[in-house]
Amino acid sequence: MTQNTNTKNIFSHEKATFVIVDEASETQKIDNFLLKILKNVPKSHIYKILRSGEVRVNKKRVDTTYRLQIDDEVRIPPIAVEGERAPHVIEPKQQQTAWLDTNVIFEDDALLAINKPCGYAVHGGSGLNFGVIELIRHARPKAKFLELVHRIDRETSGILLIAKKRSALVNMHDMMRHNRIEKKYTMMVEGEWTDPKKTVELMLKKTFTQGGERRVNVTEDEDDSQNQMSKTIFYLKKSLGPYTLLEAKLITGRTHQLRVQLAHLGFPILGDDKYGDFSLNKMLQKKGLKRMFLHAFSMKMKHPLTEEPLELKAPLPRELDAFLSQQAI
């Protein structure tokens with residue numbers, strides 16, 4: 001049983017679970033990681049399975065000081081807590097998976113690329129029963145391996161990659177670390193952007209609100225190893241009076257990178273409910289923009305196994321295209 005990180009109730013009562021670490025859990029201590037994902041398991045039991053060596057990382061024992069790295073494989077033993085019932089499994093409804101077949105951009109034996117609609121989280125948790133990966137696994141019960149290659153925000157639409165082989169997943173993560181995948185986004189921002197091309201480099205710091213919600217802020221503290229440098233190249237596509245249509249090429253892929261960088265520069269993405277202009281967003285909703293104007297439209301890379309050139313495109317969603325046409329009048 002293999003899972004991605006940040007999945008709600010991922011553990012099994014009957015067999016070991018293997019979790020592949022992604023960027024969201026990178027550098028986190030193993031005990032804090034387990035406390036986060038094993039929400040219903042007593043703290044004492046978690047430390048017991050750590051001390052006993054039942055938890056393994058890359059098939060090796062670790063102590064509580066170990067910090068996770070991307071692509072680490074964490075083995076979680078069968079969890080059977082005295083007096084606890086096995087969790088009730090809720091199956092997705094058919095209408096929740098109906099959109100998948102019509103949103104496939106590319107597929108072969110190793111890789112699946114879909115055009116993810118806005119409103120779908122890539123994985124379950126945070127009050128959501130199902131994310132895209134859970135829905136795909138449900139729709140394809142005979143698939144032996146389906147893992148997220150990367151993540152995009154729930155509010156963002158566009159290209160999402162799923163590996164169908166472990167070798168493809170490992171190679172894709174290596175390509176991402178060495179900047180061998182070209183990712184491009186389109187967004188509409190508040191304000192009049194004038195630079196035809198602008199490279200933005202900002203140090204980002206992850207924080208959490210009192211309610212436990214993730215936030216990212218710009219910081220000047222380069223000495224903190226938890227902080228990460230972000231880099232994006234922005235291109236001016238069209239001036240639309242009070243708004244600007246931009247294209248962005250990601251050089252790094254940090255959490256909320258585009259949203260935080262643009263908000264920090266004074267050009268928040270339209271419809272962004274975390275970092276945007278909230279009063280403007282309310283006004284835009286009345287004009288038909290009921291989501292964030294951010295879409296992952298292009299990805300270029302070599303195939304992770306064959307090394308053949310691969311170019312993926314996801315057309316602008318109907319609702320964003322309609323709002324863009326309205327502004328261009």
Side-chain angles (χ1 to χ4, degrees), residues 4 22-24 26 70-71 103-108 110-118 120-123 131-133 147-164 168-189 193 197-202 204 216 228-237 245-265 267 269 272 275 291-305 307-317 320:
N4 57 295
D22 61 17
E23 189 186 74
E26 185 185 14
I70 289 180
D71 294 337
N103 283 266
V104 173
I105 299 171
F106 172 85
E107 184 171 13
D108 65 6
L111 194 63
L112 170 65
I114 65 169
N115 185 4
K116 185 191 81 68
C118 172
Y120 284 85
V122 295
H123 49 65
V132 172
I133 191 64
E147 291 290 343
L148 291 167
V149 173
H150 62 111
R151 297 168 296 118
I152 55 176
D153 295 340
R154 180 182 182 184
E155 304 89 346
T156 306
S157 55
I159 302 171
L160 180 67
L161 301 179
I162 295 93
K164 297 171 67 177
L169 178 67
V170 172
N171 288 346
M172 290 293 290
H173 282 174
D174 183 67
M175 291 162 66
M176 291 169 67
R177 280 195 296 270
H178 292 90
N179 196 28
R180 295 201 296 266
I181 301 178
E182 181 185 277
K183 296 181 185 178
K184 288 186 177 180
Y185 286 70
T186 187
M187 69 283 298
M188 194 180 294
V189 300
W193 183 288
K197 178 181 177 181
K198 183 180 180 68
T199 300
V200 175
E201 294 184 78
L202 292 169
L204 303 183
V216 180
Q228 296 178 311
M229 179 59 71
S230 65
K231 184 176 180 180
T232 308
I233 303 173
F234 291 99
Y235 301 90
L236 172 63
K237 301 305 291 183
L245 187 69
L246 297 177
E247 184 178 294
K249 178 181 177 181
L250 288 182
I251 306 302
T252 60
R254 311 305 184 195
T255 300
H256 298 173
Q257 175 171 317
L258 298 172
R259 302 165 69 177
V260 175
Q261 287 182 334
L262 288 166
H264 178 78
L265 294 172
F267 296 89
I269 297 175
D272 189 341
Y275 307 99
R291 54 159 292 187
M292 181 168 62
F293 202 118
L294 180 60
H295 179 68
F297 76 94
S298 174
M299 195 174 287
K300 292 181 181 179
M301 59 191 168
K302 289 185 177 180
H303 189 281
L305 299 187
E307 295 192 351
E308 290 293 319
L310 193 59
E311 183 172 358
L312 307 174
K313 296 285 186 180
L316 196 66
L320 296 187

Q: In terms of side-chain geometry, is the basic nitrogen of Asp108 or Lys164 positioned less than 4.0 Å from the acidic oxygen of its partner?
A: no
Q: Restricting to side-chain hydrogen bond (donor to acceptor under 3.5 Å, both in side chains), what partner residues turn up for Lys183, sequence neighbours left out?
A: none
Q: Can you tell me how far CG of Leu246 sits from CH2 of Trp193, rounded to the nearest 0.5 angstrom?
A: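 So the CH2 of Trp193 and the CG of Leu246 are separated by 5.5 Å.
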Q: Please report the shortest heavy-atom distance between Ala110 and His303, naming the atom on each side.
A: CB-CE1, 3.9 Å
Q: For side-chain contact (heavy atoms from CB on, under 4.5 Å), just list the numbers for Leu111 and Ile162, CA-CA rounded to whole Å, side-chain angles, deciding distance to a tenth of an Å, and then say yes or no.
A: CA-CA 6 Å; Leu111 194 63; Ile162 295 93; over 6 Å; no
Q: Which heavy atom of Thr255 sits nearest a heavy atom of Leu204, and at what distance?
A: O-CD1, 4.4 Å
Q: Side-chain contact test, heavy atoms from C-beta onward, threshold under 4.5 Å: evaluate it for Met229 versus Thr252 and give yes or no.
A: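 They are not in side-chain contact.
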Q: Is any side-chain heavy atom of Thr186 closer than 4.5 Å to one of Lys237?
A: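 No; the side chains remain at least 4.5 Å from each other.
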Q: Taking all heavy atoms of Ala113 and all of Leu312, pick out the closest pair and write down the distance.
A: CB-CD1, 3.7 Å
Q: Leu148 versus Leu160: any side-chain heavy-atom pair under 4.5 Å?
A: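 Sidechains of Leu160 and Leu148: in contact.
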Q: Judged by atom type as modelled, is there a donor-acceptor pair below 3.5 Å linking the side chain of His150 to the main-chain atoms of Leu161?
A: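 Answer holds: yes.
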Q: Using side-chain contact (heavy atoms from CB on, under 4.5 Å) as the criterion, list what pairs up with Glu182, not counting sequence neighbours.
A: Lys184, Lys249, Lys300
Q: I want to check something: taking the side chain as every heavy atom from C-beta on, are Ile269 and Tyr185 in contact at a cut-off of under 4.5 Å?
A: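 In short, these two side chains do not touch, never coming nearer than 4.5 Å.
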Q: Flag yes if more than 12 heavy atoms outside Glu307 fall under 6.0 Å of its CD atom; otherwise flag no.
A: no
Q: When you compare the side chain of Met188 with that of Leu320, does any pair of heavy atoms fall below 4.5 Å?
A: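 Contact flag for Leu320/Met188 side chains = no.
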Q: Going by the rule side-chain hydrogen bond (donor to acceptor under 3.5 Å, both in side chains), which residues pair with Glu247 if we only count those two or more places apart in sequence or in a different chain?
A: none
Q: Measure the spacing between CZ of Phe297 and CG of Asn115 and express it to the nearest 0.5 Å.
A: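 Atom-to-atom, Phe297:CZ and Asn115:CG are 12.5 Å apart.
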Q: Taking all non-hydrogen atoms of both residues into account, name the closest pair between Ala263 and Tyr275 and its distance.
A: CB-O, 3.5 Å
Q: How long is the straight-line distance from CD of Glu147 back to CD1 of Ile133, given to the nearest 0.5 Å?
A: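 Between Ile133 CD1 and Glu147 CD, I get 6.0 Å after rounding to 0.5 Å.
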Q: How long is the span from the CZ atom in Arg259 to the CG atom in Asp272, to the nearest 0.5 Å?
A: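 Separation between the atoms: 4.0 Å.
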Q: Quick one: do the Ser157 and His295 side chains pair a donor with an acceptor below 3.5 Å?
A: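 The answer is yes; a qualifying pair exists.
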Q: Please report the interatomic distance CG(Asp153) to NE2(His256), rounded to the nearest 0.5 Å.
A: 4.0 Å
Q: Met301 versus Met172: any side-chain heavy-atom pair under 4.5 Å?
A: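 Counting from C-beta outward, Met301 and Met172 do come under 4.5 Å.
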Q: Side-chain contact, heavy-atom cut-off 4.5 Å: Leu250 with Leu258?
A: yes
Q: How long is the gap from OG on Ser230 to CD on Gln257, to the nearest 0.5 Å?
A: 4.5 Å
Q: At their closest point, which heavy atom of Arg291 faces which heavy atom of Glu155, and how far apart are they?
A: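 Where Arg291 meets Glu155 most closely, the heavy atoms are NH2-O, 3.7 Å.
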Q: So which heavy atom on Ile105 is nearest to which on Ala314, and how close?
A: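 In terms of heavy atoms, the two residues are closest at CD1-CB, 3.9 Å.
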